[in-house]
Structures are given as C-alpha cells and as structure tokens.
Amino acid sequence: MNLSDYNQIPSPAFVLDLKRFARNLDLLKEIQEKANINIILALKGFSLWHVFPIIKKYLAGATASSFHEALLIFNEMGTKAHTYSPAYIPADFDKIVQYSSHITFNSCAEYIRYLPFISSENPLFSPGIRVNPGYSPVDVALYNPAAEGSRLGVTVDRINELKQLPNLEGLHIHTLCESDSYHLEKLIDAVILNFGELLPKLKWINFGGGHLMTKSDYDVPHLISVLQSFKLKYPNLSVILEPGSAVVWETGELVSTVLDIVDNNGIKTAILDVSFTAHMPDTLEMPYRPNILNASREQNSDFQNAYRLGGVSCLAGDFLEEYFFSSPLHVGQKLIFLDMMHYTMVKTTMFNGVGHPEIGCWSEDDGYKLWKKFDYSDFKNKLG
Ligand SMILES: Cc1ncc(COP(=O)(O)O)c(C=O)c1O
C-alpha cells in the first residue's frame, strides 16, 4: 500500500492488507510443515474473525482465553479451541468444555477442582497444566509471566504435585514476548531442566506465544532446527506454538487524521481523530513508540518539524512524545500508524465515547472493503 492507497481509506480506520497477511501465513505454514509442529493463532492478540476462514487454510487452529473466544473460534473457524485461563468461571466451564479440544489449568488446585471432567471415562478434552519454568527474556514486568511471585503457572517446587495429577496429557508454557529463536532455545532448556521428568509420559507441549517468526530478522532455520531436535528427544510430544503478534506482524495500519494543532509554549501537539489510550493502549502501557509513515522518531536533517501526537480523549497522558516530520503538519492531513493489527482491536475501549475506528481490509484487486463501522448503538449497548 502507498500513500495514495491510504487516501482511499476513511479515517479513522484499522485496515488489514490481505497480501501481507497471506505472506505471514505462508511462512507460518512452512515452519509448521518443516518442523512438524502445530501453530495456532492466539486470539488474545488478534481476533478479527472475518479472516478466520483464511487462517484456517494455513494454521492448525486457535487458542482461547475465555468462553467467548472459544465460541468465536468454534463458530467462525469451525474448530475446537485450545483454551487456557488463569482460572475458569465455574458457570462457564461446561460451555468451555463443549468448544475446546485442549484445556490447560493454571494450578494443581484448579486441575483437581475439575477432576470429574478430567477423569471421566470419555474425557471430552485433553487436559494440560501451565508451568512456570522460571525463565523469561522479557524485561517489562507487565509482560513477564515468570516475574517473581507470578500467578501464571506452577513452579518447579511443586513438581511432586504435578507428577501426581491424574490423566495429565500436556504442559503449557508461555514466557516469551516478541522473542527470537535463541530465546526459545533457552526456554526449552529451562523446561527440560525443571520439568523434564514429566515429559516422556505426556502427549503434547505448548510453548505459548511470543515467537516473532514473521519479523524480517527472525532466524527461521534456527527455529526449525531447535524444534526438530526437541522432537527427536521427545517423539511422544506433539509440539504447539500459539503466537498472536507473529500472525499479523506488519500487516496493517491505523489510519488517522489531524484535527487540530495546539501550541503550549512552543510544544506543538497534533490532535488526532484517534486515541492512544482507547485504540492503541500498548503505546502507553508497554510503553512503545509505533512507527508512522513518513515520520521519524528522531530529529535529523530531513525531519525537522516536531509534534507531539495527541489522542482525542480527555486523559492528560493520552499523547505520544515528539515525532519529526519533513514539513509542518496541517489540519486534515492523514497520519498512518504502522503495524497496528496485534493487541489493538482486541483491547480498544469507547472511553469518553470516542468514535471507534472502523475496521476493514485492503487488497490490490478490490481496494478497501469495510467490515465494521461503529456508531452510537455500539457505545450505548455496551452499557446496558
Ligand atoms: C498464554 C499466551 N499464549 C499466547 C500469547 C500470544 O503471545 P504473542 O502475541 O506475543 O505471540 C500470549 C500473550 O500474552 C499468552 O499470554
């Protein structure tokens, strides 16, 4: 897509480029086949169900964190989910069983709580438990599941309890985030070191998400060789990866427009028709600085015009520190936030009643196609 293509897209809008999306899926499929593993989409990162029929052609299914996600997978992808939640809502559990092929529990106590389902003669799902291998390359505490005192997964000091769990079939581990294959290699070493004695008796192992396989500098051959050697060691285990970000990495944008420019003692802020807190919360929570088409994150000789970017909500902190542009911004100008498919639409809110960006896709043959436009009824119905 180029700037003239973006000009055809209404603002604000999240737009998925189907060509780049298919390219990512192609690579994931190739990895699946070469490494003899299953890759499933983590809905928590991207749940745009309009493209589930496409995803189904390439990937082995999807993973859910709740009854609603499991139902969406069942209805729109036509397959049962791999489900994991830090705890299950008792009233939802029957329904989760109905729509899940694999269910992972977060603690030994939770596993035992649902034992009647697990030890029935014809179990309806394959039971697993999440373990915490004590290793994560993630520095940001908000995103580190192996941080001290983490509530996510059973730690190795409870290995004897783990060994006694009846009918246990799988282990689930998730401690990576936008990580590379060398991090996965270290994670696998930590899992073998801590939980290796469980592995020969199990049927599957899920190494979670956080594998950024579609990033241009990711060492795919190394990943494949790491996974192949793991499989040689444990031929009994079916290996699952459940990325979210990697599926849609760099496949779509958030199109926005400058509404006003305010100047406070020389600090200029371009106020946009989108909100960081409502539409791109990770830019404030992580925090990270998204790339913007034709803008620089640093000042240099070509990019001299500095602007903070302001969200349209009333939150004082709803802005990003300065970006630099080759010429002054003007009201009505489009700003294109890059790589805005993962952890955006799944996390958006209607705080302040701000308009939610419409959602659509782009293809070279058909141009822009709208999937969802939001209006007052979406705002109102959320509240009653
Ligand atoms: C249990 C689990 N699986 C998979 C994922 C997906 O991770 P990513 O989108 O970084 O690949 C997450 C993300 O938080 C997760 O918590």
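Atoms within each ligand, like the ligands themselves, are counted from 1 in listed order. Side chains are part of it too, since the values below use all heavy atoms of this structure and drop only hydrogens, waters and symmetry mates.
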If you measure every N or O of [X] against every N or O of ligand 1, does any of those distances drop under 3.5 Å?
X: R130; value: no
X: H211; value: no
X: P243; value: no
X: L176; value: no
X: Y343; value: yes

**Message:** Among all the protein's non-hydrogen atoms, which is closest to atom 3 (N) of ligand 1, and how far away is it?
**Reply:** E242 OE2, 2.6 Å

**Prompt:** Closest non-hydrogen protein atom to atom 5 (C) of ligand 1, residue and atom name please, with distance?
**Reply:**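 I find the closest protein heavy atom is H174 CE1, 3.6 Å.
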
Test item, [X] contacting ligand 1 (heavy atom, 4.0 angstrom):
X: H342; answer: no
X: G210; answer: yes
X: G209; answer: yes

**Message:** Applying side chain to side chain donor-acceptor pair (under 3.5 Å), can you list everything that pairs with S4, at least two apart in sequence or on another chain?
**Reply:** N2

**Item:** Non-neighbouring partners of S11 that pass side chain to side chain donor-acceptor pair (under 3.5 Å), sequence neighbours left out
**Value:** T257, D273

**Message:** Tell me the contacting part of Y143 for ligand 1: side chain, backbone, both, or neither, using a 4.0 Å heavy-atom threshold, strictly below.
**Reply:** neither

